[in-house]
Protein chains: 2
Amino acid sequence: MTFQKEIEKKLKDEGYKLTNQRKAILEVLFSHKNHFLSAEEIHLKTQEKYAKTNFSTIYRNLELLEKLDLIHKINLDNNTAHYELIHKKCHHHHIICKGCGKTEPIDFCPLEEILSKLNHKDFSFTDHKFELYGYCSNCQKKLL
Amino acid sequence: MTFQKEIEKKLKDEGYKLTNQRKAILEVLFSHKNHFLSAEEIHLKTQEKYAKTNFSTIYRNLELLEKLDLIHKINLDNNTAHYELIHKKCHHHHIICKGCGKTEPIDFCPLEEILSKLNHKDFSFTDHKFELYGYCSNCQKKLL
DNA sequence: GTTAGTGCAAATGATTTGCACCGAA
DNA sequence: TTCGGTGCAAATCATTTGCACTAAC
């Protein structure tokens, strides 16, 4: 069973219906592994697969997929959320291209090291962000 | 000369006028060092100092102060920008309380270490984010 | 047949902008 | 006096929501 089918099964097992829209969104996310896409980009690309798909449906499904820990959501500096399929099981961070959204995983996480240096007994840590931004080789060329 | 007067002088030297609104905004930022405040919070607190101050004026000045590298701006997960005065000269990151916005600086930056592990000759890095989130002791009590 | 899911259009919330007026230099 | 700055109201942009309808199951 492919990874995509696995996720579709997981959705059904959890009682969610497998609509055409939902399948189209998943297809889009699967065909853009390692890219953070905006909701708008996902909407456009999903419509290529299933033309009727509405923008609200995109948002509602992205919310669901995030809740199920199937996608990562980040808020870029321009105040638009971007989404990426989670296909690596282990905790990792990202290098993110500001031109095209392309990402590369960083397996190394500095959290433990930093916590050991800090000694903050009075602060309860819940989560952390670590992201490197820049331009991939393709986008560097375009900027010239 | 106090740090605040220094910044006011810097603004004037760069040709910006020192309006009552601008002074009030700076006062607010100075009296909330080590706290990320939302534009709304800054607006409310500024109005306590100079009642007439309009919301647009807040945004326009925050934009200016950010351009002049006098404040930090971060986008929290709830899609609202938060702002904090830059009063430490050296590069640092933040521990951020999700309850009250209170921050503590982290002097340690993992960037160099990570870049040395990565070997990404094809990617030009421009900037990075490293933030720890959680609850300060005060806000932990409130959550109980 | 049920009920979750969707489309549509309208609401929301943060932020931005155009324009006429105001006030710091 | 002169621009840069401000207030106001309207516009914008991303996202969310209410509600009637549709389609998985």
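Heavy atoms only: backbone and side chains are in, while hydrogens, waters and symmetry mates are out. Just so we're on the same page: letters track the sequence lines, and every chain starts at 1.
Take B:Lys67 and apply the salt bridge (Lys or Arg N to Asp or Glu O under 4.0 Å) test, not counting sequence neighbours, and it matches no residue. Residues passing the side chain to side chain contact (heavy atoms under 4.5 Å, CB included) test with A:Ser116: none are found, sequence neighbours excluded. Listed by chain and residue number, B:Lys88 satisfy the side-chain hydrogen bond (donor to acceptor under 3.5 Å, both in side chains) test with B:Asp107 (two or more places apart in sequence, or in another chain). Judged as a side chain to side chain contact (heavy atoms under 4.5 Å, CB included), and not counting sequence neighbours, the contacts of B:Lys12 are B:Leu18. Residues satisfying the salt bridge (Lys or Arg N to Asp or Glu O under 4.0 Å) criterion with A:Glu63, sequence neighbours excluded, are absent altogether. Every residue two or more places apart in sequence or in another chain that forms a side-chain hydrogen bond (donor to acceptor under 3.5 Å, both in side chains) with A:Glu104 is listed here: B:His120. Applying the salt bridge (Lys or Arg N to Asp or Glu O under 4.0 Å) rule to B:Glu27 yields the partners B:Lys49; only residues at least two apart in sequence or on another chain are considered. For B:Asp77, the salt bridge (Lys or Arg N to Asp or Glu O under 4.0 Å) partners at least two apart in sequence or on another chain are A:Lys129.
Side-chain contact, A:His128 with B:His93: no donor N or O sits under 3.5 Å from an acceptor N or O.
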Worksheet item: For nucleotides 18-25 of chain C, read 5' to 3', which letter fits each nucleotide if B means a protein heavy atom sits under 4.0 Å from the base, S means only the sugar-phosphate is that close, and - means neither?
Response: B----BBS

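Contacts with DNA chain C (heavy atom under 4.0 Å) in residues 78-86 of chain B: B:Asn79, B:Thr80, B:Ala81, listed by number. Heavy-atom distances under 4.0 Å link DNA chain D to no residue of residues 31-48 of chain B.
Chaining together hydrophobic side chains whose heavy atoms lie under 4.5 Å apart places B:Phe123 alongside A:Ile95, A:Ile106, A:Phe108, A:Leu111, A:Ile114, A:Leu115, A:Leu118, A:Phe123, A:Phe125, A:Phe130, A:Leu132, B:Ile95, B:Ile106, B:Phe108, B:Leu111, B:Ile114, B:Leu115, B:Leu118, B:Phe125, B:Phe130, B:Leu132.
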